[in-house]
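We name chains A, B, ... by the order of the sequence lines, and we start the count at 1 in each one.
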There are 2 protein chains.
Amino acid sequence: MTAGTRRVPVGERLPTLEDVAAVAGVSRATVSRVINGIRNVDPQLHELVWNAVGQTGYVPNRLARSLVTRRTGTVALVVSDSESHDDDPFMGRFFADPYFGRVVGGLMSVLRAAGIQLALQIVGTEEQRTRLVGDLRHGQADGVIVLSLPGHDPLPRMLTDAGVPAVMIGRPADPVPINYVDLANDTGAALAADHLVARGCQLVAMISGPADVPASNDRIAGFRRSMARHGHAWVPLASGNFTQESGRRAMRTLLTEQPGLDGVFVANDLMALGALLALRDAGRDVPGDVAVVGFDDSSAAIAASPALTTVRHPLEDMAAESARLLMARIEDPTMRISSVIYEPTLVPRQSA
Amino acid sequence: MTAGTRRVPVGERLPTLEDVAAVAGVSRATVSRVINGIRNVDPQLHELVWNAVGQTGYVPNRLARSLVTRRTGTVALVVSDSESHDDDPFMGRFFADPYFGRVVGGLMSVLRAAGIQLALQIVGTEEQRTRLVGDLRHGQADGVIVLSLPGHDPLPRMLTDAGVPAVMIGRPADPVPINYVDLANDTGAALAADHLVARGCQLVAMISGPADVPASNDRIAGFRRSMARHGHAWVPLASGNFTQESGRRAMRTLLTEQPGLDGVFVANDLMALGALLALRDAGRDVPGDVAVVGFDDSSAAIAASPALTTVRHPLEDMAAESARLLMARIEDPTMRISSVIYEPTLVPRQSA
DNA sequence: AACACTTCGGAAAGCGCTCTCCAAGCCCGA
DNA sequence: TCGGGCTTGGAGAGCGCTTTCCGAAGTGTT
């Protein structure tokens with residue numbers, strides 16, 4: 001037999017602990033101990049075992065290991081979508097939105113270093129949700145990051161009831177004892193209001209997201225409250241669904257209803273891009289005639305022309321933090337429920 | 001005991017097949033058969049078993065099942081990145097790019113329906129790659145979708161050597177007997193060339209992506225070839241890295257070197273957005289002074305002003321197709337290696 | 001009524017691993 | 001020299017599931 005790592009031919013049974021043990025002339029238990037670095041093993045045996053591992057080309061079977069350790073080294077990213085159904089185009093929109101990518105990027109920056117993989121799960125129907133929770137209780141994944149979508153989602157409650165370590169990105173719509181990481185959306189909206197008022201805008205409107213998303217609601221509430229504080233009791237509102245096209249439509253509606261408006265706060269950058277287009281179509285200069293403030297500080301913001309003044313939403317950081325929170329929770333399940341709220345900042349550019 | 005599904009308290013041992021068998025008064029084997037719908041089981045027993053399942057709140061343990069069936073119901077999406085290292089900011093850029101989201105959306109549209117979950121893996125180092133392949137041989141996932149990044153990646157070859165069902169999105173840089181789904185990038189670039197020439201452009205340049213990405217090379221080659229066919233022997237070239245900012249820089253460079261240019265083909269929309277910005281900064285009208293054609297038809301294209309004339313890259317469809325291809329390959333491992341090439345089309349809008 | 005043939009359910013052997021016991025060997029002080 | 005504590009490695013019992021192998025019924029034919 002040649003020295004060094006043996007190439008295991010395709011199709012042949014893969015070497016198991018038993019095989020390594022046979023080659024090394026020790027018991028299966030000893031090999032397992034060496035590989036997992038448990039207890040003091042005689043240095044001589046130690047080396048013997050590692051040689052046998054190299055010789056056989058042994059790789060531990062994660063599945064078998066997980067079955068007994070109840071640890072998988074996997075975290076599930078679940079996108080729960082209680083309203084749409086299987087072939088709803090909503091999902092396509094969702095993935096295309098930079099939101100998803102930024103979250104994944106933030107999560108991976110932490111998980112990757114810890115050698116944890118991310119399993120993507122989308123659950124729509126009640127049945128899927130039940131199965132997911134069942135799988136999770138069995139330890140299919142060590143924990144869950146939940147991305148909540150429109151509506152009052154039963155999933156967070158199901159997860160906590162099942163005792164599955166979970167962290168939400170964005171607060172739950174209903175009060176549930178679950179860890180979460182969120183942005184102070186209301187503060188962010190207030191920042192936008194302050195900025196528009198400070199600029200001297202007299203008639204300010206808002207383009208909001210769907211009413212049943214907590215983040216969206218908070219932005220509306222925060223904006224209204226701050227505007228009221230500045231003496232603007234009433235804020236014309238039009239709503240969209242976070243897509244650029246919906247922003248364009250909403251802007252058109254606002255222009256019809258409030259031809260005199262000179263400022264608008266848009267609940268996300270994508271819609272703000274649409275609003276910019278509608279304003280141009282209407283011959284309004286930005287920021288000369290109408291000042292526009294977006295939300296998210298996504299890559300779209302600097303791509304816009306004029307570059308978008310927007311509220312920075314440190315999504316990557318938030319996702320990374322939620323991964324850390326989850327990992328801590330997995331390590332210590334008795335950890336008390338906690339939430340982390342990020343403070344947004346205003347990024348002034350050209351549009352306002 | 002109450003009728004209906006029993007809520008299993010947290011912390012308590014989860015019901016196993018054995019428990020269900022005890023309640024139903026049959027053997028473990030019978031329960032397994034009923035649950036998996038194998039063979040004819042007496043309808044009476046059948047019902048008895050399902051009742052017991054409901055009563056105990058039993059959910060099969062996927063891990064245990066996978067261990068014996070060697071099927072996991074999971075497909076790995078591996079992003080192989082042979083050049084960057086663990087904390088390379090490259091990854092951040094990658095996830096933020098709409099490319100990633102579109103691929104995931106396309107994959108999920110197929111996988112979700114089949115009840116398959118997607119596990120995201122990022123491999124950078126040699127060691128990670130080896131471990132990944134080891135895990136895959138053990139059936140950690142039923143198959144792999146590979147997203148190849150810059151450079152000559154050893155992963156595709158490793159996967160085929162290991163006999164792991166795999167499909168690449170984008171052709172491999174080196175010839176490897178692996179299934180793949182790709183776009184006829186050269187044809188797409190030729191389309192852009194034809195369009196610019198037909199418009200009457202006399203001095204046409206190109207902003208390309210990194211030289212070591214096959215897709216990027218194909219676009220360069222296709223564009224040059226078609227321009228040559230139209231009598232333009234030489235095409236000024238500047239390269240970027242697919243980000244908007246790099247496109248802006250590349251455009252500035254081109255304007256300096258070729259002040260008289262009246263047309264430019266940009267290898268992706270994001271860079272095209274940057275180019276648009278640079279052109280505006282330079283006081284050039286698009287498409288009046290300079291015609292711009294992008295590539296991808298991403299959501300950024302319609303967001304641009306003027307709206308971008310671009311080459312449509314049906315990435316979602318391609319990803320969906322690769323998922324289907326992979327599933328077929330998993331079902332029938334003897335299936336011959338095949339590739340699917342999509343034909344791009346030109347989407348004329350305002351920029352050219 | 002006896003036979004071959006099919007249908008159906010149970011026993012039990014794994015899948016590949018971890019980890020608790022336990023026995024054997026060792027060193028040390030008395 | 002002997003016993004008590006320590007270290008070390010092996011045997012073996014699972015983790016929860018599938019699936020082969022069999023024997024026990026049930027069916028139909030001559």
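- Counting to the nearest Å, the C1' atom of C:dA24 and the CG atom of A:Asp42 are 15 Å from each other.
- When the nearest nucleotides of DNA chain C are assigned to B:Ala29 and B:Ala64 by heavy-atom distance, the more 5′-ward of the two goes with B:Ala29.
- Place B:Thr30 and B:Leu67 on DNA chain D by their nearest nucleotides, and B:Leu67 ends up nearer the 5' end.
- With distances taken from any side-chain atom of B:Thr69 to the nucleotides C:dG16, C:dC19, D:dT19, the minimum falls on D:dT19.
- Ring geometry for B:Phe100 against A:Phe100 counts as parallel: the plane angle stays under 30°, on a 0 to 90° scale with 60° as the upper cut.
- Judged by distance alone with a 3.5 Å cut-off, a donor-acceptor contact links the side chain of A:Arg28 to the base of C:dT18.
- Tested against B:Val31, the residues B:Leu17, B:Leu48, B:Thr16 include a single side chain to side chain contact (heavy atoms under 4.5 Å, CB included) partner, B:Leu17.
- We find that CZ of B:Arg62 is positioned 12 Å from P of D:dT18, with the value rounded to whole Å.
- Contact between the side-chain N/O atoms of A:Arg65 and the OP1/OP2 oxygens of D:dC15 is not found at any separation under 4.0 Å.
- When rounded to the nearest whole Å, the span between OH of A:Tyr58 and P of C:dC17 equals 3 Å.
- With rounding to whole Å, B:Leu17 atom CG is found 17 Å from C:dA12 atom P.
- Not a single donor-acceptor contact under 3.5 angstrom links the side-chain atoms of B:Arg70 to the base of C:dG16.
- B:Ala119 and A:Gln117 get closest at one heavy-atom pair: CB-OE1, 3.0 Å.
- Within the structure, a side-chain polar atom (N or O) of B:Ser32 is placed less than 4.0 Å from OP1 or OP2 of D:dT18.
- Regarding B:His138, its NE2 atom lies at a distance of 13 Å from the P atom of C:dC15, rounded to whole Å.
- In this structure, A:Arg33 places its CZ atom 13 Å from C1' of C:dC17, rounding to the nearest Å.
- Counting only distance, with no hydrogens or angles, the side chain of A:Gln140 and the backbone of A:Leu136 share no donor-acceptor pair below 3.5 Å.
- Listed pair A:Thr16 / C:dG16 fails the phosphate criterion, with no side-chain N or O lying under 4.0 Å from OP1 or OP2.
- Put simply, CG on A:Leu63 is 12 Å from C1' on D:dC17, counting in whole angstrom units.
- Among the protein residues, B:Leu45 comes within range of the sugar-phosphate backbone only, with heavy atoms under 4.0 Å from sugar or phosphate atoms but none that close to a base.
- Panel note: side chain A:Arg71, backbone A:Asp142; no donor-acceptor pair is recorded below 3.5 Å.
- Here B:Asn36 reaches the OP1 or OP2 of D:dT18: one of its side-chain N or O atoms lies under 4.0 Å away.
- Atom pair A:Asp135:CG and D:dG16:C1' shows a separation of 14 Å (rounding to whole Å applied).
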